[in-house]
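If you're wondering where the values come from, they're calculated on a predicted model, not measured in any experiment.
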Amino acid sequence: MEKKFGYVRVSTKEQNTARQEELMKSLGVDEVYIDRLSGKDNDRPALRDMMKCAREGCTDPGLPEPTDQHERC
């Protein structure tokens, strides 16, 4: 079965992502990547890492730890 990836972005480090993470979990998402930065910033490390993982497979131990506790890259 293919893994499902999810992405959440909030504008500040203070914003809570719990509701979005719960939604991802309810949708059966295996791994959630989160960026906490302004929408003006085009450099989104978690989005970039998620896309790399989706394209190439999750075999790089250097990828950031996803929030889901079930499986990790």
Side-chain angles (χ1 to χ4, degrees):
M1 180 179 357
E2 291 185 11
K3 281 188 176 183
K4 291 184 182 180
F5 298 95
Y7 175 73
V8 172
R9 187 196 57 80
V10 291
S11 297
T12 67
K13 293 182 183 199
E14 294 79 27
Q15 286 182 301
N16 190 330
T17 60
R19 193 171 78 191
Q20 292 94 329
E21 290 179 66
E22 282 300 314
L23 174 62
M24 295 286 181
K25 189 175 183 179
S26 73
L27 293 171
V29 172
D30 298 304
E31 297 184 30
V32 179
Y33 292 80
I34 299 173
D35 275 324
R36 290 180 172 87
L37 44 82
S38 170
K40 290 192 227 177
D41 191 347
N42 289 330
D43 181 30
R44 298 180 180 170
L47 179 60
R48 182 181 57 242
D49 292 339
M50 180 193 73
M51 297 302 291
K52 179 180 178 183
C53 190
R55 280 191 304 267
E56 299 174 9
C58 295
T59 58
D60 183 358
L63 290 176
E65 202 169 274
T67 59
D68 184 73
Q69 298 297 315
H70 293 95
E71 294 183 39
R72 301 197 182 279
C73 289

Can you tell me how far apart [atom1] ([X]) and [atom2] ([Y]) are? Round to the nearest 0.5 Å.
X	Y	atom1	atom2	answer
Glu56	Met51	CD	CE	11.0 Å
Tyr7	Arg48	OH	CZ	10.0 Å
Tyr33	Lys52	OH	NZ	10.5 Å
Asn42	Leu47	CG	CG	10.5 Å
Asn16	Arg36	CG	CZ	8.0 Å
Thr17	Glu22	OG1	CD	10.0 Å

Practice task
Look only at the side chain of Asp35 and the backbone of Arg9, and say whether a donor-acceptor pair between them is shorter than 3.5 Å.
Solution key: no
Practice task
Return the set of residues passing side chain to side chain donor-acceptor pair (under 3.5 Å) with Ser38 (not counting sequence neighbours), or none when no residue passes.
Solution key: none
Practice task
Please test Met24 against Val8 for side chain to side chain contact (heavy atoms under 4.5 Å, CB included), starting from the C-alpha separation and ending with a verdict.
Solution key: CA-CA 9 Å; Met24 295 286 181; Val8 172; 4.0 Å; yes
Handout entry: Within one Ile-Leu-Val-Met-Phe-Trp-Tyr cluster: Leu37 and Val10, side-chain cutoff 4.5 Å
Key = no
Handout entry: side chain to side chain contact (heavy atoms under 4.5 Å, CB included) evaluation trace for Val32 with Gln20
Key = CA-CA 10 Å; Val32 179; Gln20 292 94 329; over 6 Å; no
Fill in the blank from the handout: Heavy-atom closest pair (Lys4 atom, Leu27 atom, distance to 0.1 Å) is NZ-O, 3.3 Å
